[in-house]
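A short worksheet on the structure shown next.
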Amino acid sequence: MSDTRMVDSFADAGILTIANFMEVTMDTGPIGILGTGSYVPTGIRTNEQVAAKAGVDAEWIAERTGIRCRHVAGPEQASSDLAAEAVRNALEGAGLAPEALGLLVLATSTPDELGPSSACRVQALLGAHNAVAFDVSAACTGWLFGARVAHDWLRAGTGERYAAVVGVECYSRFLDEGDRATASLFGDGAAAAVLGQVEEGCGFAPIVLGSDGRQAGDVLIPAGGSRAPSSTDTVARGGHLIHMDGGRVREFILDIFPKGAADALGRSVLSRDEVDLVISHQPNPVLVRWACEAAGLDVNRLVVVGDKVGNIGAGGLPYALASAHRRGRLRHGDRILVVGFGAGLTWGSTVLTWDGAARNGDRMEEKADALGR
């Protein structure tokens, strides 16, 4: 019996409970990645430029963070503009028109405005008029939160076949250029993936997420919301800029990365040696390598892109995925350990088994790679 007929039969009998609905609609095949794409603006901010305003040496930045440059959005660009380019590239990789999307999820901490959602802006820019569009706010873990939503949405059996999940930040708008702890790290960029049904044995394992609001103050932009609305005072106090307790953030990452990795591998009944590639949020190359080592994983299997783009928040994890795809590091059947973590605090992890039919739609990002070398 088809899913639709089963749902109808339950409804006719008056017993279409939530449990019944989930049971009969979760019979869709596995959901995985059909296409990837990314976009970074052409503007570049080098270590030398950062150092001149932050009162440090360029060598200090490189040694402490591993970052060599960051991209900066132009004055005419907002987060939705960057995100639209990344989704457009991912759709091209998947061989789909924007109209094919049934869902568009945008993850960011730097939306165009407080409302409407930046996802709606992207929907309009792309002409993806059939897509339900909304934002998720889970900081640097946002793309993985969005992927969980899209995965479950597509498996719900309500008719949507394809979803785009994009992570994007325009952090340059919110930086104190004199604060070496943040000015040296953050950049602008976006990356996206198109999700859909893949062959059996491929796709996402359970995506497990977590949050701990008790440490919400470790990384934040404190003003501009309903708690501290914009005023001359909030601007004067730097309330609209990124504030970060670097020590507490580092402790959190070195603690949560091994836990998230172990949880995802345990759920998939995999050993560390069976992991083909590690994709994670990219706070900075030095820290992410430490975290990978703390998890007992082979650092050579870790995809590192932060040296070229810095910390692009919700865009960092999917940018690493798109970069690995573009460079030919993903093969059919590869088991990819995915670990995310960010402000909130938030975290998540999963194992993604790669479907070789997926394609990367990037055309210009090789230039970004070259600039970062």
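All values below come from the heavy atoms of this structure, side chains included, with hydrogens, waters and symmetry mates left out.
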Next on the checklist: If you define the side chain from C-beta out and look only at heavy atoms, does anything of T350 sit under 4.5 Å from L144?
Outcome noted: yes

Checklist entry - Is the closest side-chain heavy-atom distance between N130 and L101 below 4.5 Å? => result no

Checklist entry - Among L302, V339, L337, which residue meets the side chain to side chain contact (heavy atoms under 4.5 Å, CB included) test with L297? => result L337

Next on the checklist: Does R45 have more than 12 heavy atoms from other residues, nucleotides or ligands lying within 6.0 Å of its CZ?
Outcome noted: yes

Next on the checklist: I want to check something: taking the side chain as every heavy atom from C-beta on, are I336 and T353 in contact at a cut-off of under 4.5 Å?
Outcome noted: no

Next on the checklist: If you apply the rule side-chain hydrogen bond (donor to acceptor under 3.5 Å, both in side chains), what do you find for S79 with E169, and how did you get there?
Outcome noted: CA-CA 6 Å; S79 287; E169 305 293 355; 5.6 Å; no

Checklist entry - Is R359 salt-bridged to E92, going by a charged N under 4.0 Å from an acidic O? => result no

Item to check | Atom of I67, atom of I61 and distance for their closest heavy-atom approach | outcome: O-CG2, 4.2 Å

Checklist outcome for this item: Separation between NE2 (H332) and SG (C202), nearest 0.5 Å, reads 4.0 Å

Next on the checklist: Using side-chain hydrogen bond (donor to acceptor under 3.5 Å, both in side chains), reason through D218 and Q215 one step at a time and then give a plain yes or no.
Outcome noted: CA-CA 6 Å; D218 289 357; Q215 290 182 247; 2.7 Å; yes

Item to check | Verify same cluster id: V219, V288 (apolar side-chain graph, 4.5 Å) | outcome: yes

Checklist entry - Quick one: does L175's side chain get under 4.5 Å of I242's, heavy atoms only? => result yes

Item to check | Least distance between heavy atoms, V136 atom then G142 atom | outcome: CG2-O, 3.6 Å

Checklist entry - Hey, is the main chain of A138 close enough, under 3.5 Å, to the side chain of T346 for a donor-acceptor pair? => result yes

Checklist entry - Okay, side chain of T36, backbone of A193: is any donor-acceptor separation there less than 3.5 Å? => result no

Checklist entry - To the nearest 0.5 Å, how far apart are CG in L82 and OG1 in T110? => result 9.0 Å

Next on the checklist: Tell me whether R64 at atom CZ has more than 12 heavy atoms from other residues, nucleotides or ligands lying less than 6.0 Å away.
Outcome noted: no

Item to check | CZ/R161: more than 12 non-hydrogen atoms of other groups inside 6.0 Å | outcome: no

Checklist entry - Just checking, any donor-acceptor pair under 3.5 angstrom between side chains of T141 and H281? => result no

Checklist entry - Under the side-chain contact (heavy atoms from CB on, under 4.5 Å) criterion, do N311 and C140 qualify, and how do the steps go? => result CA-CA 9 Å; N311 183 339; C140 300; 4.2 Å; yes

Checklist entry - Just by modelled atom types, is the W290 backbone N or O under 3.5 Å from a matching donor or acceptor in the E293 side chain? => result no

Item to check | Validation row: I253, P283 side chains within 4.5 angstrom (heavy atoms) | outcome: yes

Next on the checklist: Assigning hydrophobic clusters by single linkage (Ile, Leu, Val, Met, Phe, Trp, Tyr; side-chain heavy-atom cutoff under 4.5 Å), is L352 placed with F341?
Outcome noted: no

Next on the checklist: Does R173 have more than 12 heavy atoms from other residues, nucleotides or ligands lying within 6.0 Å of its CZ?
Outcome noted: yes

Next on the checklist: Side-chain heavy atoms nearer than 4.5 Å, only ILVMFWY residues, links allowed to pass through others: does that put L254 and L317 together?
Outcome noted: no

Checklist entry - How are the rings of F186 and Y171 set relative to one another: parallel (under 30°), tilted (30 to 60°) or perpendicular (over 60°)? => result perpendicular

Checklist entry - In a check of side chain to side chain contact (heavy atoms under 4.5 Å, CB included) between V87 and each of V166, V194, V165, which one passes? => result V166

Item to check | I31 and V198: CA distance, side-chain angles, deciding distance, side-chain contact (heavy atoms from CB on, under 4.5 Å) verdict | outcome: CA-CA 6 Å; I31 301 299; V198 295; over 6 Å; no

Checklist entry - If you look at every heavy atom in L125 and S80, which pair is closest and at what distance? => result CD1-O, 3.7 Å

Checklist entry - Hey, is E85 close enough to R88 for a salt bridge, meaning N to O under 4.0 Å? => result yes

Checklist entry - Distance-only, no hydrogens or angles: does the D276 side chain make a donor-acceptor pair with backbone N or O of R335 under 3.5 Å? => result yes

Checklist entry - Do any N or O atoms from the side chain of S38 and from the backbone of A191 form a donor-acceptor pair under 3.5 angstrom? => result no

Item to check | Rounded distance [0.5 Å steps], SG in C120 versus CG in D135 | outcome: 7.5 Å

Next on the checklist: For a 4.5 angstrom cut-off between non-hydrogen side-chain atoms, does V50 reach R70?
Outcome noted: yes

Next on the checklist: Donor-acceptor check, side chain of D57 to backbone of W60, threshold 3.5 angstrom: yes or no?
Outcome noted: no

Item to check | Short N-O contact, D263 and K259, less than 4.0 angstrom | outcome: no

Item to check | I207 vs F204, side-chain contact (heavy atoms from CB on, under 4.5 Å): CA-CA, chis, key distance, verdict | outcome: CA-CA 7 Å; I207 302 172; F204 286 101; 3.8 Å; yes

Next on the checklist: For H325 and W354, take the angle between the two ring planes, folded into 0 to 90°, and tell me which bin it lands in: parallel under 30, tilted 30 to 60, perpendicular over 60.
Outcome noted: perpendicular

Next on the checklist: With heavy-atom distances below 4.5 Å as the criterion, would you say the side chains of D355 and E199 are in contact?
Outcome noted: yes

Checklist entry - Minimum heavy-atom separation for K308 to R327, with atom names? => result CE-NH2, 3.7 Å

Item to check | Gap between atom NE2 of H243 and atom CZ of F174 - 0.5 Å precision | outcome: 12.0 Å

Next on the checklist: Working to the nearest 0.5 angstrom, can you tell me the gap between Q49 CD and E177 CD?
Outcome noted: 9.5 Å

Next on the checklist: Under 4.5 Å between side-chain heavy atoms, counting indirect links through other Ile/Leu/Val/Met/Phe/Trp/Tyr residues: same cluster for M244 and I221 or not?
Outcome noted: yes

Checklist entry - At their closest point, which heavy atom of E48 faces which heavy atom of A58, and how far apart are they? => result OE2-CB, 3.7 Å

Checklist entry - Does D112 reach the main-chain N or O of S118 with its side chain, forming a donor-acceptor pair under 3.5 Å? => result no

Next on the checklist: Are V122 and L106 packed together at the side-chain level, in the sense that at least one heavy-atom pair is separated by less than 4.5 angstrom?
Outcome noted: yes

Next on the checklist: The test is side-chain contact (heavy atoms from CB on, under 4.5 Å); show your working for E113 and R121 and say whether it passes.
Outcome noted: CA-CA 10 Å; E113 55 258 319; R121 298 289 192 189; 2.9 Å; yes

Checklist entry - Can you tell me if D81 uses its side chain to pair, donor with acceptor, with the backbone of A78 under 3.5 Å? => result yes

Checklist entry - Is a salt bridge present between D152 and R155, judged by a nitrogen-to-oxygen distance below 4.0 Å? => result no

Checklist entry - Do the side chain of T234 and the main chain of S231 share a donor and acceptor less than 3.5 angstrom apart? => result yes

Checklist entry - With distance as the sole test, does S184 use its side chain to make a donor-acceptor pair with the main-chain N or O of R180 at under 3.5 Å? => result yes

Checklist entry - Nearest heavy-atom pair of G342 and F252: which atoms, and what distance? => result O-CE2, 3.7 Å

Next on the checklist: Nearest 0.5 angstrom please: F145 CZ to W347 CH2, how far?
Outcome noted: 8.5 Å

Checklist entry - Is V249 reachable from L220 through a run of I, L, V, M, F, W or Y residues, each pair having side-chain heavy atoms under 4.5 Å apart? => result no

